[in-house]
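First comes the structure, then the notes that go with it.
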2 protein chains.
Amino acid sequence: MPLQASQQHCATVKNQPTQNLLLNAAPADVQQRLFPHLELVEMPLGKVLYESGDVMRYVYFPTNCIVSLLYVMENGASAEISVVGYEGLVGVALFMGGESTTSRAIVQSAGFAYRLLGQRMKDEFNRHGELLQLMLRYSQALLTQMAQTAVCNRHHSIDQQLCRWLLLSLDRLKDNHLVMTQELIANMLGVRREGVTEAAGRLQKQGVIDYSRGHIVVINRPKLEQLSCECYEVVKAETDRLLQYLPSNNT
Amino acid sequence: MPLQASQQHCATVKNQPTQNLLLNAAPADVQQRLFPHLELVEMPLGKVLYESGDVMRYVYFPTNCIVSLLYVMENGASAEISVVGYEGLVGVALFMGGESTTSRAIVQSAGFAYRLLGQRMKDEFNRHGELLQLMLRYSQALLTQMAQTAVCNRHHSIDQQLCRWLLLSLDRLKDNHLVMTQELIANMLGVRREGVTEAAGRLQKQGVIDYSRGHIVVINRPKLEQLSCECYEVVKAETDRLLQYLPSNNT
DNA sequence: TCAGCTTTGTGCGTCAGCGAACATAAAATA
DNA sequence: TATTTTATGTTCGCTGACGCACAAAGCTGA
């Protein structure tokens, strides 16, 4: 749902396409072609960008929101496959050629994103310029994140996974304050709500986080990293490596 | 290790690049450019194609072998991320731009593959012809498999995962006979060997498989599919969808 | 201010999978 | 044939996570 003119003005004061790492890294000519067609959209908590099997109409470039890619099983249980924030885009299947995926994309942390009609994205992609390289490198980062999620689900405790999840969220927000109930975290991790309550209680007792009724504040991030499994760091290092030498067109 | 001339002759009687689905689906002009540079290599059980972080020299197109993409943790424990057989290729990171990945590629079922110097692959890829579309579609299939592995690791029992694993292997071999110890399966699944022994015992008792000392014969595949979790079918359906309308150049 | 809802806390019993130790059996090798 | 190695079978105690039930505490709105 695009914003009304007045809202749009208000929002654009704070929002710029270049807040998204990929849009920011795109070469100037790509930016000139794409930016006029970007549409700032509000991303409220729980908004579903696409369901499993949906043909995607848009790609979304988050600025300050976080989107979860979630697989929902036949019995309704779910598991988060990966998360996307300002560093990426939602809808890689559009240029990968599948047009849809088996997962659901849902807003996990409210904010804004710029969306682009899928066809425009494909047109630009098919010019085979630098955007193609950029998109492919990001896709590999996404691949890495999914792979590590598989590993983490296999071998690590809820406590460790909660730490990792908090770090992933923290990296995609500017502050240390998350709006998120334990119930929702449990859905993302694919575990019981009670399990999250207990793990969060332990973190609070250790002075790592502070939380109440849907609000979590991270007090001691270094400790959080220390308590997390290696999965967080592995993905971060690889993502940095893949996206670090991007041409930058900061304005 | 390329084959000697005499071996090569012997092997090529049975091996053809077109046994690989992607090579087979490549347009005629691509085949003409690439096939002369394909090198048939033997893929013995346990051969490591690349380690985590290795810059890849070659991409591998399996014909009748199976390659596992495995993540090895700091403590030595491991987890299979995905498998690649005749339907795919090993080394997507070469054209995705990363040149390396965080996982290890290791031969899980002996056989043959055609390998191609990475640079030639990249050159062809950068012509931006149909091969690019083909590779991207396959990459999305790989992405789907990884995502489902994450889900499976989260929610399903060893029994179910063993069924899924056997089905994945079966699909990539022509017969119903696997050469594989329970110890190796355990490494792939990232579980204890004893867990696999018990699960395999239950399958044998139900007349689904028959095994002894490194050999497994699947007797009742329908039952195996029935006992498996949904993860197998989801990935199969999506992979078929992604790769089904490929242009075919069968000779 | 009271009722109703949402969120978090806690205490069960149960069970799958773990780690370790050890037993058996089939192949390989001498 | 005897010996060693490899693969599989089995047991036992432990623990993390589950499912369920219910309690407590913090918001919200009449």
What is the separation between atom [atom1] on [X] and atom [atom2] on [N], rounded to the nearest whole Å?
X	N	atom1	atom2	answer
B:Leu189	C:dA16	CG	C1'	15 Å
B:Gln160	C:dA16	CD	P	12 Å
A:Gln182	C:dT8	CD	P	4 Å
B:Ile216	D:dT8	CD1	C1'	12 Å
A:Leu178	C:dT7	CG	P	16 Å
B:Asn187	D:dT6	CG	C1'	15 Å
B:Ile185	D:dT8	CD1	P	8 Å
A:Leu45	C:dT6	CG	C1'	14 Å

Keeping [X] on the side-chain end and [Y] on the backbone end, is there a donor-acceptor pair under 3.5 Å?
X	Y	value
B:Asn20	B:Leu22	yes
B:Asn153	A:Asn153	no
B:Thr149	B:Ile81	yes

Sequence neighbours excluded and cut-off under 3.5 Å, please list the side-chain donor-acceptor pairs for residues 206-216 of chain B, or say none.
residue: B:Gln206; atom: NE2; partner: B:Arg202; partner atom: O; Å: 3.2
residue: B:His215; atom: ND1; partner: B:His177; partner atom: NE2; Å: 2.9

Ion pair check, A:Glu238 and A:Arg241, cut-off under 4.0 Å: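 Between A:Arg241 and A:Glu238 there is a salt bridge, with a charged N closer than 4.0 Å to a carboxylate O.
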
Which atom of B:Ala93 lies closest to which atom of B:Ser100, heavy atoms considered: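 Distance-wise, the nearest heavy atoms are CB-O, 3.7 Å.
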
Nearest heavy-atom neighbours spanning B:Gly190 and A:His155: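 Of all heavy-atom pairs spanning B:Gly190 and A:His155, the closest is O-CE1, 3.4 Å.
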
In terms of side-chain heavy atoms, does B:Glu80 have a donor or acceptor partner in B:Gln108 at a distance below 3.5 Å?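 B:Glu80 vs B:Gln108: donor-acceptor pair found between side chains.
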
Is it the case that A:Gln161 and B:Arg154 place a side-chain donor and acceptor less than 3.5 Å from each other?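 Yes, B:Arg154 and A:Gln161 have a side-chain donor paired with an acceptor closer than 3.5 Å.
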
Kindly give the atom pairs (protein nitrogen or oxygen, nucleotide nitrogen or oxygen) under 3.5 Å for nucleotides 10-18 of chain D.
residue: D:dA17; atom: OP1; partner: A:Ile158; partner atom: N; Å: 2.8
residue: D:dC18; atom: OP2; partner: A:Arg192; partner atom: N; Å: 3.4

What N/O pairs connect the protein and nucleotides 23-27 of chain D at under 3.5 Å? Give each pair on its own line.
residue: D:dG26; atom: N2; partner: A:Arg213; partner atom: NH2; Å: 3.3

Check the phosphate of C:dG9 against A:Tyr211, side-chain N and O only, distance under 4.0 Å to OP1 or OP2. Yes or no?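 Yes, such a contact exists.
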
